[in-house]
Undergrad: 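Structure provided below as structure tokens; questions to follow.
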Number of protein chains: 2
Amino acid sequence: MANSQFAMAVHVLTMLATNCDERVKSNYLAKSVNTNAVVIRRLLCDLHEAGLVVSRTGYSGGTCLTKDPKNIDLLDVYEAVSHGEVFSLHKQKPDQDCPVGKNIEAVLCNLQKEIDEAVRTKLSKHTLSDVMELIRSGESVSI
Amino acid sequence: MANSQFAMAVHVLTMLATNCDERVKSNYLAKSVNTNAVVIRRLLCDLHEAGLVVSRTGYSGGTCLTKDPKNIDLLDVYEAVSHGEVFSLHKQKPDQDCPVGKNIEAVLCNLQKEIDEAVRTKLSKHTLSDVMELIRSGESVSI
DNA sequence: CATAAGTGTAACAAGAATAGTTACAATACT
DNA sequence: AGTATTGTAACTATTCTTGTTACACTTATG
């Protein structure tokens, strides 16, 4: 993942979690993330497809979480926004006439899966609720 | 890592390991990887800085491993070529007047470290020698 | 010594990915 | 009717990655 969508997604979801009693505007989220509201709306679209949020258009529209933050883990977020893998395989197919070229892709592909699984396992251990708690404690320390 | 440098590096090092009695030409490596020799030489430059290979210029020049493949693990390779992290943090600094914006970076940074550590641990468990063995067994199966 | 075969590296082009921006239709409340 | 908001398309700017050409420098060989 070369993009910061995961970081933005966790940020946005934490904002929604701390404002769970209202429909939060994309404009408000954009200010906190320090980006454009359209960028946020695009991200919310992915999160909606993953079933994590619902939005409403029109006057007094906005976005809410669909679940309790305790029941959203960071793997859910990762899956909602990530399209890539931890490392990329070859862009050009290696020489199939070379023994190494012929077999290296399969080896790396398995490694990729193993690494990705490790990442997922780690991510699944943290919930949005945990993130909120860390934010809160960070806040109290800095006051 | 959005680039395929790690994949290319493992490929190249495996090639060197299977030709450890000679100085391998960048041109030969480029053919197997299916890219340009300059791309390979740039990669070899990184691997040299990491102490994994030595090259010689001039007539009958080329590149060799500096160590036994048993003593090169994939974490060495990862560290030699990776500049990024598993996921990116915010590109723009979040709003410091927002409690979430103010603290989210630290939270994500810690998460990043935790994930990266998990990835490193996995990578450190595989040596270049293991990769060679997998390549060999893949080869024998396909014959 | 001249030549051939290499590496090292700079410079540039092409392409893809990412994020930012503007614009506007559709929607929903007042 | 008017206003606030999302959804989404279209375009731009920037950056990253790779590919390519070019050439100076190095080393072996005849």
Side-chain angles (χ1 to χ4, degrees), chain A residues 1-9 11-12 15-16 19 22-50 52-64 81-85 87-95, chain B residues 1-9 11-12 15-16 19 22-50 52-64 81-85 87-95:
Chain A
M1 281 198 288
N3 60 28
S4 54
Q5 302 235 347
F6 176 75
M8 287 198 290
H11 187 153
V12 161
M15 295 286 287
L16 295 180
N19 295 278
E22 45 183 317
R23 284 195 280 274
V24 185
K25 320 296 179 207
S26 63
N27 210 18
Y28 177 70
L29 295 169
K31 279 209 186 82
S32 176
V33 177
N34 192 14
T35 184
N36 192 287
V38 174
V39 173
I40 297 295
R41 293 205 288 268
R42 281 199 283 242
L43 180 60
L44 289 173
C45 203
D46 287 341
L47 299 178
H48 177 250
E49 279 171 22
L52 301 178
V53 304
V54 272
S55 297
R56 254 170 78 168
T57 62
Y59 198 99
S60 78
T63 305
C64 300
V81 300
S82 92
H83 304 293
E85 302 279 347
F87 62 87
S88 299
L89 300 185
H90 294 65
K91 308 224 162 168
Q92 304 293 331
K93 195 167 194 64
D95 181 5
Chain B
M1 283 199 288
N3 60 28
S4 54
Q5 303 235 346
F6 176 75
M8 287 198 290
H11 186 154
V12 161
M15 295 287 287
L16 296 180
N19 295 278
E22 44 185 317
R23 285 196 277 276
V24 184
K25 321 297 179 209
S26 63
N27 212 16
Y28 177 69
L29 295 170
K31 279 208 187 83
S32 176
V33 177
N34 191 12
T35 184
N36 192 288
V38 175
V39 172
I40 296 295
R41 294 206 288 269
R42 282 199 283 242
L43 181 59
L44 289 172
C45 202
D46 287 342
L47 299 178
H48 176 250
E49 280 171 20
L52 300 178
V53 304
V54 274
S55 297
R56 254 169 79 168
T57 63
Y59 198 101
S60 79
T63 306
C64 301
V81 300
S82 92
H83 303 293
E85 303 279 348
F87 63 86
S88 301
L89 300 184
H90 294 64
K91 308 225 161 167
Q92 305 292 332
K93 197 169 191 62
D95 182 5

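Just so you know, these numbers come straight off a predicted model, no measurement behind them. Lettering of chains follows the sequences in order, A, B, ..., and the numbering in each one begins at 1.
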Undergrad: Go through the N and O atoms of the side chain of R42(B) and the base of dG19(D), and report whether any donor-acceptor pair is under 3.5 Å.
TA: yes
Undergrad: Ignoring the backbone of T35(A), work out which of dT18(D), dG20(C), dA4(C) is nearest its side chain.
TA: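 Nucleotide nearest to T35(A)'s side chain: dG20(C).
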Undergrad: Tell me whether the OP1 or OP2 atom of dG7(D) has a side-chain N or O from R41(A) closer than 4.0 Å.
TA: no
Undergrad: Between dA19(C), dT7(C), dT18(D), which nucleotide gets closest to the side-chain atoms of T57(B)?
TA: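 Taking heavy atoms from C-beta onward, the closest nucleotide is dT7(C).
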Undergrad: On DNA chain D, check which nucleotide each of V24(A) and Y59(A) is closest to and give me the residue with the more 5' one.
TA: Y59(A)
Undergrad: Could you check which of dT6(D), dT18(C), dG20(C) has an atom nearest any side-chain atom of N3(A)?
TA: dT18(C)
Undergrad: Between dT22(C), dA19(C), dA5(C), spot the one nearest the side chain of S4(A), thanks.
TA: dA19(C)
Undergrad: Search all heavy atoms of N34(B) against all heavy atoms of K93(A) and return the closest pair with its distance.
TA: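 Nearest pair, atom of N34(B) first, then K93(A): ND2-O, 2.8 Å.
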Undergrad: Is there a side-chain contact between V39(B) and M8(B), using heavy atoms and a 4.5 Å cut-off?
TA: yes
Undergrad: Starting at the 5' end of DNA chain C, which residue's closest nucleotide do you reach first, N27(B) or Q92(B)?
TA: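 Counting from the 5' end, the first nearest nucleotide belongs to N27(B).
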Undergrad: Which nucleotide wins on minimum distance to the side chain of V38(A), given the candidates dA28(D), dT8(D), dA10(C)?
TA: dT8(D)
Undergrad: Using a cut-off of less than 4.0 Å, is there contact between a side-chain N or O of Q5(B) and OP1 or OP2 of dC16(D)?
TA: no
Undergrad: Classify the nucleic acid contact of T63(A) as base, sugar-phosphate or nothing, counting any heavy atom under 4.0 Å across all strands shown.
TA: nothing
Undergrad: Side chain of V39(A) only, please: which of dG20(C), dT6(D), dT9(C) is the nearest?
TA: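 The listed nucleotide nearest to V39(A)'s side chain is dG20(C).
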Undergrad: Side chain of R56(A): nearest nucleotide among dG8(C), dG20(C), dA28(C)?
TA: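 Selected nucleotide: dA28(C).
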Undergrad: Show the nearest heavy-atom pair for residues T63(A) and L16(A), with the distance to one decimal.
TA: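 Closest pair (atom of T63(A), atom of L16(A), distance): O-CD2, 3.5 Å.
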Undergrad: For the side chain of S55(B), starting at C-beta, report the closest nucleotide among dG19(D), dT9(C), dT7(C).
TA: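 The nucleotide sitting nearest to the side chain is dT7(C).
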Undergrad: Select one nucleotide: of dT21(C), dC29(C), dT9(C), the one nearest the side-chain heavy atoms of N36(A).
TA: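 Taking heavy atoms from C-beta onward, the closest nucleotide is dT21(C).
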Undergrad: What integer distance in Å separates L43(B):CG from dG19(D):C1'?
TA: 14 Å
Undergrad: Are any of S26(A)'s side-chain N or O atoms less than 4.0 Å away from OP1 or OP2 of dT6(D)?
TA: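 Indeed, a polar side-chain atom of S26(A) lies that close.
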Undergrad: Measure CG/L44(B) against P/dT9(C) and give the value in whole Å, please.
TA: 12 Å
